[in-house]
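All remarks here apply to the structure that follows.
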Amino acid sequence: MEGIAIMTSGGDAAGMNPAVKFCVEYAKKKGFKPFLVRNGLRGLIDNDISEATKEDVSGILHRGGTILRSSRSTRFFEDQYRQQSYENLDKLGIKKLIVIGGDGSFTALNRFYEEYKIPFAGIPATIDNDIPGTDYCLGVDTALNVIRESIDSIRDTALSFRRAFVIETMGRNCGYLAMTSALSSGAEICIAPELEYDLDAIGERLRVDVEGGRDYIMAVVAEGSNMAEYLTRWIKINLEMDARLTVLGHIQRGGSPTVRDRIMAYNFAVQAVESLLEGHTNQIMTYTQGNYGTAPIDVIHNKCKIDPSIVKLAQELAL
Ligand code: F6P
């Protein structure tokens, strides 16, 4: 039986555990001998690899994070460690890899493929939703729901007090989480790297509202815009309203995967095993315009595109 190893790599995301479980189960069904790599790329180097047992993947579906753990290894970019990784896989009869992670992990595995001819399939997983070629990455829906819950809670206190609240979301350089959250939580302001913002226009719009009786303001800011602290101060001075900043931080990466993330994980897992069975060597799994598919690894060099309808709607909140 041919060995196939499954690993998670880079920032953890909800949906990784269901993806691991479904990959193991589907690979087994298709005649592979599944292995698990622990600790991401570091585990490949340090031979933290074992055959997947039923117990390994039982009771993990609903858990956030990744039971395999993850890492952002720089050692893997050194020749000697890739050689070591290859030898580890070879000894165990592992001929194929599935990596659940982000574009950095796919790039690393592609380099490995080019040198050692170990084909891999990449399953996009990051709350940032910034992997080119796919509209969806595992973890995004769960993160959006964590953010929604947090903003709803903040709104409770906002409604009880005359105050503005600025909420900073994660997403690295991508404003998807911020824009989607601002729209779905009825925020008055959204600032994200994809948006042109005009503080004077925002000021004029909200001053009219405040004069008309509005006594709280919610603003959602993407971390990539680096504007959260500045906007908090700006509101205090320009709208004469007490303002508080909440940086949501890593809370957004946790939580039990939502139904959407579980189903997406299922589909990506099946697709990944099928892609390898069909003889593809370095593809990433995609979901575009409602369809599951695959894309050649080179797609990660493209610019990530956010649904233009989201950007258009969110733009209104930046002016
Ligand atoms: O890529 C996922 C992410 O959570 C980003 O949104 C954030 O900028 C970054 O990782 C945080 O990285 P770390 O967990 O290393 O602090």
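Just follow the structure's listing: the first ligand is 1, and inside any ligand the first atom is 1. We're numbering straight along the sequence, starting at 1.
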Worksheet item: For the side chain of Asp46 and the backbone of Asp48, is there at least one donor-acceptor N/O pair under 3.5 Å apart?
Response: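 Pair absent, no side-chain N/O of Asp46 close to backbone of Asp48.
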Item to complete: Please work out which of Gln252, Arg253, Glu223 has its closest non-hydrogen atom nearest to atom 11 (C) of ligand 1.
Response: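 Considering heavy atoms of Gln252, Arg253, Glu223, the nearest to atom 11 (C) of ligand 1 sits in Arg253.
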Less than 3.5 Å apart, which donor and acceptor atoms pair up between the side chains of residues 83-93 and the rest of the protein, not counting sequence neighbours?
unit_1: Gln83; atom_1: OE1; unit_2: Tyr116; atom_2: OH; d: 3.2
unit_1: Gln83; atom_1: NE2; unit_2: Glu87; atom_2: OE2; d: 2.6
unit_1: Gln84; atom_1: NE2; unit_2: Ile45; atom_2: O; d: 3.0
unit_1: Ser85; atom_1: OG; unit_2: Tyr81; atom_2: O; d: 2.8
unit_1: Asn88; atom_1: ND2; unit_2: Leu44; atom_2: O; d: 2.7
unit_1: Asn88; atom_1: ND2; unit_2: Ile45; atom_2: O; d: 3.0
unit_1: Asn88; atom_1: ND2; unit_2: Gln84; atom_2: O; d: 3.3

Worksheet item: Does some non-hydrogen atom of Arg72 fall short of 4.0 Å from ligand 1?
Response: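 Arg72: in contact with ligand 1 (<4.0 Å).
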Worksheet item: Should you measure from each heavy atom of His250, which atoms of ligand 1 turn up under 4.0 Å away?
Response: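 Counting atoms of ligand 1 from 1, those under 4.0 Å from His250 are 13 (P), 14 (O), 16 (O).
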Worksheet item: By number and element, which atoms of ligand 1 are closer than 4.0 Å to a non-hydrogen atom of Arg172?
Response: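 Heavy-atom distances to Arg172 below 4.0 Å select 1 (O), 6 (O), 8 (O), 9 (C), 10 (O).
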Item to complete: Evaluate whether atom OH of Tyr136 has more than 12 neighbouring non-hydrogen atoms of other residues, nucleotides or ligands under 6.0 angstrom away.
Response: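 Yes.
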Item to complete: Please go through Trp234's hydrophobic cluster and name the other residues, only I, L, V, M, F, W, Y counting, with side-chain heavy atoms under 4.5 Å joining them.
Response: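 Other cluster members: Val166, Ile189, Ile191, Tyr197, Leu199, Ile202, Leu206, Val210, Ile217, Val221, Met227, Tyr230, Leu231, Ile235, Leu239, Met241, Leu245, Val247.
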Worksheet item: Taking distance alone, with no angle check, do Gly171 and ligand 1 share an N/O pair under 3.5 Å?
Response: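 Such a contact does occur with ligand 1.
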Item to complete: Considering only non-hydrogen protein atoms, determine which one is nearest to atom 6 (O) of ligand 1 and report residue, atom name and distance to 0.1 Å.
Response: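 The answer is Asp128 OD1, 2.6 Å.
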Discussion item. Pair Phe112, Phe76 - check ring pair (Phe, Tyr, Trp, His ring centres under 6.0 Å), show working.
Written reply: CA-CA 9 Å; Phe112 190 58; Phe76 197 75; 5.5 Å; yes
